[in-house]
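Worksheet: the structure to be examined is printed underneath.
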Amino acid sequence: MSYTPLFCDRTDAGEKLAQQIDLIKQTALTKRPIVYALPRGGLPVAAPVARILGCPLTIMVAKKISHPQNPELAIGAVTASGNVLWSEQKLYSRKNYLRWRQPLVSGVSRELALNEAINKAKLLEAQLITGCPQVNTENATVILIDDGIATGMTIAVAAIAAKALGCASVWLCSPVAPLKLLPWLSQWCDRLIILETPEPFLSVSNFYADFPQVESSEALVYLQQQQPLTD
């Protein structure tokens, strides 16, 4: 199955997302914004948004929790700070509910998978934390951005973590996501901004003409470029 790319690359998607957020902020953004990217791929998208809003750019690291026998199957997601969202909480229909009621893994295997995902999240956070500014989330609008949403697990658990920081509101923003996922995503945020909802939806990469892996060194550059200059 062939797809027509919706975006040239992540920067193109970020610029288009920034224009949309800038339009909405004029009537909806009443608290000071802080842009949080889900690294590493979310940073090139988030950078134009932080630039047009003139606000800090930082990260919220979240990793999927992989099924022990099938690394491609997510059974949950976790942030570097330890917030967890399991797949059985992601219910579209009674059919899915019955499927997720079946025990996917044993308690021990589930705990091991969780710990492995947390360790990956903490490692990535450690690689990028030097580029992150100090931010005060109290009474702020947290704008969470990723380069695309496929299952929604990682950005949803990032929203849980953001709300735990005491912010006034959380916006979930992405260039592309499945249409059927929007009602579920809406429950985790105060505002949801998605530019495109193509169907069928198989992979985020299908909707970009250029979608290379973002290395940690490149991710650091995006963070450092947005930091204010100091004397």
Side-chain angles (χ1 to χ4, degrees), residues 1 10 36-43 45 59-129 144-165 170 172 174 176-189 199-208 211-219:
M1 182 179 296
R10 290 182 178 90
Y36 278 80
L38 273 68
R40 292 180 290 259
L43 274 162
V45 181
I59 58 170
M60 182 74 72
V61 182
K63 289 288 186 180
K64 73 175 182 180
I65 305 170
S66 297
H67 191 290
Q69 282 77 50
N70 183 1
E72 296 303 314
L73 175 62
I75 59 173
V78 62
T79 64
S81 55
N83 303 90
V84 184
L85 178 65
W86 295 103
S87 289
E88 56 261 37
Q89 295 171 258
K90 182 183 178 185
L91 310 177
Y92 293 133
S93 63
R94 180 168 176 78
K95 178 180 178 182
N96 277 354
Y97 173 69
L98 293 172
R99 177 167 62 87
W100 285 118
R101 283 185 63 190
Q102 312 305 317
L104 288 171
V105 292
S106 69
V108 173
S109 296
R110 182 172 162 130
E111 190 69 20
L112 289 173
L114 171 61
N115 289 336
E116 182 179 358
I118 289 177
N119 290 337
K120 288 180 179 179
K122 287 182 176 179
L123 178 60
L124 179 56
E125 185 179 66
Q127 293 172 353
L128 301 178
I129 198 68
L144 285 171
I145 296 178
D146 204 357
D147 54 12
I149 300 173
T151 68
M153 295 297 296
T154 53
I155 201 166
V157 78
I160 293 171
K163 289 185 177 182
L165 296 175
V170 174
L172 297 189
S174 180
V176 62
L179 180 62
K180 66 181 181 181
L181 200 62
L182 301 192
W184 183 82
L185 286 170
S186 296
Q187 70 180 303
W188 304 105
C189 62
E199 294 292 345
F201 194 108
L202 297 179
S203 172
V204 170
S205 62
N206 287 120
F207 305 108
Y208 285 82
F211 197 73
Q213 180 173 318
V214 178
E215 302 296 337
S216 293
S217 57
E218 182 185 354

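Nearest approach of S87 to G76, heavy atoms of both residues: OG-N, 3.4 Å. Here the closest heavy-atom approach between residue S174 and residue G148 is recorded as OG-CA, 3.2 Å. Nearest heavy-atom pair, W184 versus T151, reported as atom, atom and distance to 0.1 Å: CZ3-O, 4.0 Å. Nearest approach of V157 to A77, heavy atoms of both residues: CG2-O, 3.7 Å. Considering every non-hydrogen atom in both V61 and A121, the closest pair reads CG1-O, 3.4 Å. Shortest non-hydrogen contact noted between G152 and L185 is CA-CD2, 4.1 Å.
Note that CD1 of I118 is 7.0 Å distant from CD1 of I65, once rounded to the nearest 0.5 Å. Here the NZ atom belonging to K120 is positioned 5.5 Å from the OG atom belonging to S66, to the nearest 0.5 angstrom. Taking CD1 of I155 as the start and CG of L181 as the end, the distance is 10.0 Å to the nearest 0.5 Å. Distance check, rounded to the nearest 0.5 Å: CD1 of I145 to CE of M60 gives 12.5 Å. Summarising the geometry, atom CH2 belonging to W188 is positioned 5.0 Å from atom CG belonging to L85; distances are rounded to the nearest 0.5 Å.
Side chain of Y208 to backbone of D147: a donor-acceptor contact under 3.5 angstrom is found. Of the possible donor and acceptor atoms, none in the side chain of E199 sits under 3.5 Å from a partner among the backbone N and O of P178. Looking only at distances, no side-chain donor or acceptor of K122 sits under 3.5 Å from a matching main-chain atom of S81. Remark: side-chain polar atoms of R110 are not paired, donor with acceptor, to backbone N or O of I75 under 3.5 angstrom. Under a 3.5 Å cut-off, the side chain of N119 and the backbone N or O of N115 do form a donor-acceptor pair.
Residues N206 and F211 fail the side-chain proximity criterion, which asks for heavy atoms closer than 4.5 Å. In this structure, E125 and K63 have side chains that are not in contact, with every pair of non-hydrogen atoms separated by 4.5 Å or more. Between V176 and I149 the shortest side-chain heavy-atom distance does not fall below 4.5 Å. Annotation: side chain of Y36 is in contact with side chain of L165 (closest heavy-atom distance under 4.5 Å).
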Derivation and outcome, side chain to side chain contact (heavy atoms under 4.5 Å, CB included), residues L38 and T154: CA-CA 8 Å; L38 273 68; T154 53; 4.0 Å; yes
From CA spacing to verdict: side chain to side chain contact (heavy atoms under 4.5 Å, CB included), V78, W86: CA-CA 9 Å; V78 62; W86 295 103; over 6 Å; no
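Of the options I59, V214, D146, a side-chain contact (heavy atoms from CB on, under 4.5 Å) to P39 is made by I59 and by none of the others.
S216 pairs by the side-chain contact (heavy atoms from CB on, under 4.5 Å) definition with R40, L124, Q127, L128, not counting sequence neighbours.
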